[in-house]
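Since this is a predicted model, take the numbers as computed values, not measurements.
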Amino acid sequence: MAYQASTSLPYDNLGRATAGLRAALRQRMLDAGDPGLPDWSTLAVTGPEITTDDLGRPWFTWTATVVTSP
């Protein structure tokens, strides 16, 4: 099964985004009751997509997917 998660940060930092996305993906698997383990070799992180808020500040949105193994 494949899982996807996204996060938006007020700074451009792939390492921190990846750490947060890994945690979010683990939580999604737990919430789904998936007994498999994440196959981190399949982790794909894309981004950032840059948007601005109402005050003109940039936000960096990253997306990740991972596949579980039985």
Side-chain angles (χ1 to χ4, degrees):
M1 175 140 239
Y3 292 90
Q4 183 176 34
S6 295
T7 188
S8 293
L9 302 172
Y11 47 82
D12 184 8
N13 187 305
L14 176 60
R16 288 189 179 191
T18 301
L21 288 165
R22 286 172 59 108
L25 289 165
R26 281 191 296 270
Q27 188 60 52
R28 287 188 187 231
M29 287 180 257
L30 288 172
D31 291 346
D34 190 332
L37 297 172
D39 179 358
W40 294 117
S41 70
T42 67
L43 179 66
V45 178
T46 59
E49 180 180 320
I50 303 169
T51 58
T52 55
D53 65 14
D54 293 339
L55 298 176
R57 295 176 296 205
W59 284 85
F60 302 85
T61 302
W62 303 82
T63 302
T65 57
V66 72
V67 175
T68 58
S69 60

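Closest heavy-atom contact between Trp62 and Pro48: CH2-CD, 3.4 Å. Leu21 and Val45 make their closest contact through CD1-CG1, 4.1 Å (heavy atoms, listed as atom of the first residue, atom of the second, distance). Contact detail for Thr7 and Ala17: the closest heavy-atom pair is CG2-O, 4.2 Å. Scanning all heavy atoms of the two residues, the minimum distance from Asp34 to Gly36 falls at OD1-N, 2.7 Å. Closest heavy-atom contact between Leu9 and Arg16: CD1-C, 4.5 Å.
In this view, Ser8 and Trp59, Thr61 satisfy the side chain to side chain contact (heavy atoms under 4.5 Å, CB included) rule, not counting sequence neighbours. Under the side chain to side chain contact (heavy atoms under 4.5 Å, CB included) criterion, Leu30 pairs with Gln27, not counting sequence neighbours.
Between the side chain of Thr42 and the backbone N or O of Val67, at least one donor-acceptor pair lies under 3.5 Å.
Summarising the local packing, CD of Gln4 is surrounded by more than 12 heavy atoms from other residues, nucleotides or ligands at distances under 6.0 Å.
Within the model, atoms CH2 of Trp40 and OG1 of Thr18 stand 10.5 Å from one another, a figure rounded to the nearest 0.5 Å. With rounding to the nearest 0.5 Å, the separation of CG in Leu14 from CZ in Phe60 is 12.5 Å. Here the CZ atom belonging to Arg28 is positioned 14.0 Å from the OG1 atom belonging to Thr68, to the nearest 0.5 angstrom.
Between Tyr3 and Asp31, the closest side-chain pair of non-hydrogen atoms is not below 4.5 Å.
In the hydrophobic clustering of ILVMFWY residues, with side-chain heavy atoms under 4.5 Å counting as a link, Val66 and Met1 come out together.
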